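Values below: all heavy atoms of this structure, side chains included; hydrogens, waters and symmetry mates excluded. Everything numeric in this text was worked out from a predicted model, so none of it was measured.
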Amino acid sequence: MTTAVYLASASPRRKELLSQLGIEFEQFSVDADETPLANELPHALVERLARLKAQTGVALGYTDRPVLGSDTVVVIDNESLGKPRDKNDFITTLKRLSGNTHQVLTAVAFATQTDVLSCVVSTDVTFKTLSDEEINAYWESGEPQDKAGGYGIQGLGGRFVTHIAGSYFAVVGLPLYETEQLLQAFLRR
């Protein structure tokens, strides 16, 4: 695929994943208000944020090629779990995930000045039962502080996962198959 895009994300994980598709791209970050709207369901939230990031990139003047925006949320009991605010928030989150199955929703959006197209990928992730010692040691590793749901499946947090149903790459931050398919559909419009 020779199409060039812009990646509206500062995430090194998204940069690495997009590189795997062989798509030429330039990366930049956008500042988007990620506050959920009143009564906004997780699926709607993640898709709105991906679209907002892509459209913000267009508004910043990145207009000569499609802009890719993406967002990921971890969901348990239909509640979005963001990045941990502090250690106590992290502990509460990991105890909720411990021994349970949760969903990771990753939305992908492509935008230009005249069009936007998006999709949401849902993946079920099951955690083993975690001890307090495991939770504390993981926090002390420094890895979970900037991760949705307080863990990174591609890092130390991967050892907590007993089962995954869906896209591993979506859990990391950018579903490869769906991103490529969405871009092809976007370019055909």
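Here the two rings, on His102 and Tyr151, have centers that are under 6.0 Å apart.
Of the inter-residue distances, the one linking Leu182 atom CG with Leu187 atom CG reads 9.5 Å to the nearest 0.5 angstrom. Atom-to-atom distance recorded for Arg188:CZ and Leu183:CG is 9.5 Å, nearest 0.5 angstrom. Atom CG of Asp124 and atom OG of Ser167 lie 12.0 Å apart (nearest 0.5 Å). To the nearest 0.5 Å, the span separating CG on Leu17 from CZ on Phe169 amounts to 6.5 Å. Considering OG of Ser80 and CG of Leu45, their distance stands at 5.0 Å, rounded to 0.5 Å. Of the inter-residue distances, the one linking His163 atom NE2 with Thr101 atom OG1 reads 8.5 Å to the nearest 0.5 angstrom.
Within a 6.0 Å radius of CG in Asp64, other residues, nucleotides and ligands contribute more than 12 heavy atoms.
Residue Val73 is not grouped with residue Ile153 when hydrophobic side chains (ILVMFWY) are merged at heavy-atom distances under 4.5 angstrom, including chains of intermediate members. In this structure, Val5 is not a member of the same hydrophobic cluster as Val67, with clusters built from ILVMFWY side-chain heavy atoms closer than 4.5 Å. Tracing side-chain contacts under 4.5 Å through hydrophobic residues (I, L, V, M, F, W, Y), one reaches Val75 starting from Leu49; they form part of the same cluster. Under a hydrophobic clustering in which Ile, Leu, Val, Met, Phe, Trp and Tyr are joined whenever their side-chain heavy atoms come within less than 4.5 Å, directly or via other members, Val171 and Val74 fall into the same cluster. Using a 4.5 Å cut-off between side-chain heavy atoms of Ile, Leu, Val, Met, Phe, Trp and Tyr, with links allowed through other members, Phe110 and Leu52 fall into different hydrophobic clusters.
A donor-acceptor pair under 3.5 Å links the side-chain atoms of Asp86 to the main chain of Asn88, judged by distance alone. Counting only distance, with no hydrogens or angles, the side chain of Asn100 and the backbone of Ser98 share a donor-acceptor pair below 3.5 Å. A side-chain donor-acceptor contact under 3.5 Å links Glu143 to the backbone of Leu156. Using a distance-only test at 3.5 Å, with no hydrogens or angles considered, no donor-acceptor pair links the side chain of Lys15 to the main chain of Ser11.
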Open item on the list: I'd like to know whether Thr179 forms a side chain to side chain donor-acceptor pair (under 3.5 Å) with Arg14, so could you lay out the CA-CA distance, the side-chain angles of the two residues, the decisive distance to 0.1 Å, and finally the verdict.
Closed with: CA-CA 11 Å; Thr179 299; Arg14 288 194 176 107; over 6 Å; no
Open item on the list: The test is side-chain contact (heavy atoms from CB on, under 4.5 Å); show your working for Arg48 and His43 and say whether it passes.
Closed with: CA-CA 9 Å; Arg48 179 179 62 81; His43 186 282; over 6 Å; no
Open item on the list: Applying side-chain contact (heavy atoms from CB on, under 4.5 Å) to Lys95 and Leu97, what does each step give before you reach the verdict?
Closed with: CA-CA 5 Å; Lys95 285 187 177 203; Leu97 300 179; over 6 Å; no
TODO: Start with the C-alpha distance between Phe160 and Tyr138, add both sets of side-chain angles, then the distance that settles ring-ring contact (aromatic ring centres under 6.0 Å, His included), and finish with yes or no.
DONE: CA-CA 10 Å; Phe160 303 145; Tyr138 187 46; 5.2 Å; yes
Open item on the list: Go through it in stages, so that I can follow the logic: the residues are Thr106 and Val46, the test is side-chain contact (heavy atoms from CB on, under 4.5 Å), and I'd like the CA-CA distance, side-chain angles, deciding distance and then a yes or no.
Closed with: CA-CA 7 Å; Thr106 296; Val46 73; 5.7 Å; no
- [ ] Evaluate side-chain contact (heavy atoms from CB on, under 4.5 Å) for Leu94 paired with Phe127, printing each intermediate quantity in order.
- [x] CA-CA 9 Å; Leu94 265 281; Phe127 267 27; 3.9 Å; yes
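Residues Glu16 and Leu174 fail the side-chain proximity criterion, which asks for heavy atoms closer than 4.5 Å. Residues Lys87 and Asn136 have side chains in contact (heavy-atom distance under 4.5 Å, counting atoms from C-beta outward). At least one side-chain heavy atom of Gln154 sits less than 4.5 Å from a side-chain heavy atom of Arg13. Two residues are said to be in side-chain contact when any heavy atoms from C-beta on lie closer than 4.5 Å; Val58 and Tyr6 fail this criterion. Inter-residue side-chain proximity for Arg189 and Leu117 is flagged as met; some heavy-atom pair is nearer than 4.5 Å. Residues Thr3 and Glu24 fail the side-chain proximity criterion, which asks for heavy atoms closer than 4.5 Å. Side-chain contact between Leu176 and Leu21 is present, with heavy atoms from C-beta onward closer than 4.5 Å. Here the side chains of Trp139 and Ile91 are not in contact, with every heavy-atom distance at 4.5 Å or above.
In terms of heavy-atom proximity, Glu178 sits nearest to Val121 at CG-CG2, 3.5 Å. Nearest heavy atom pair, residue Thr93 against residue Gly149, reads CG2-O, 3.3 Å. Between Ala170 and Val104 the shortest heavy-atom distance is O-CG1, 4.2 Å. Contact between Val116 and Ala111 at its shortest, heavy atoms only, is CG2-CB, 4.0 Å. Ala107 approaches Val120 most closely through the heavy-atom pair CB-CG2, 3.9 Å. Residues Gln27 and Ala10 share a closest heavy-atom pair of NE2-C, 3.5 Å.
In this structure, Phe28 and Tyr62 have parallel ring planes: the angle between them is below the 30° cut-off, well short of the 60° mark.
Of the N and O atoms on the side chains of Thr92 and Arg85, not one donor lies less than 3.5 Å from an acceptor on the other residue. With no hydrogens or angles considered, a side-chain donor-acceptor pair links Glu47 and Ser118 at under 3.5 Å.
With respect to Asp71 and Arg51, no salt bridge is recorded, no charged nitrogen being found less than 4.0 Å from a carboxylate O. Salt bridge annotation for Lys53-Glu34: present, with a cationic side-chain nitrogen under 4.0 angstrom from a carboxylate oxygen. At a threshold of 4.0 Å, the pair Arg159-Glu134 does not count as salt-bridged, since none of the basic side-chain nitrogens sits closer than that to a carboxylate oxygen.
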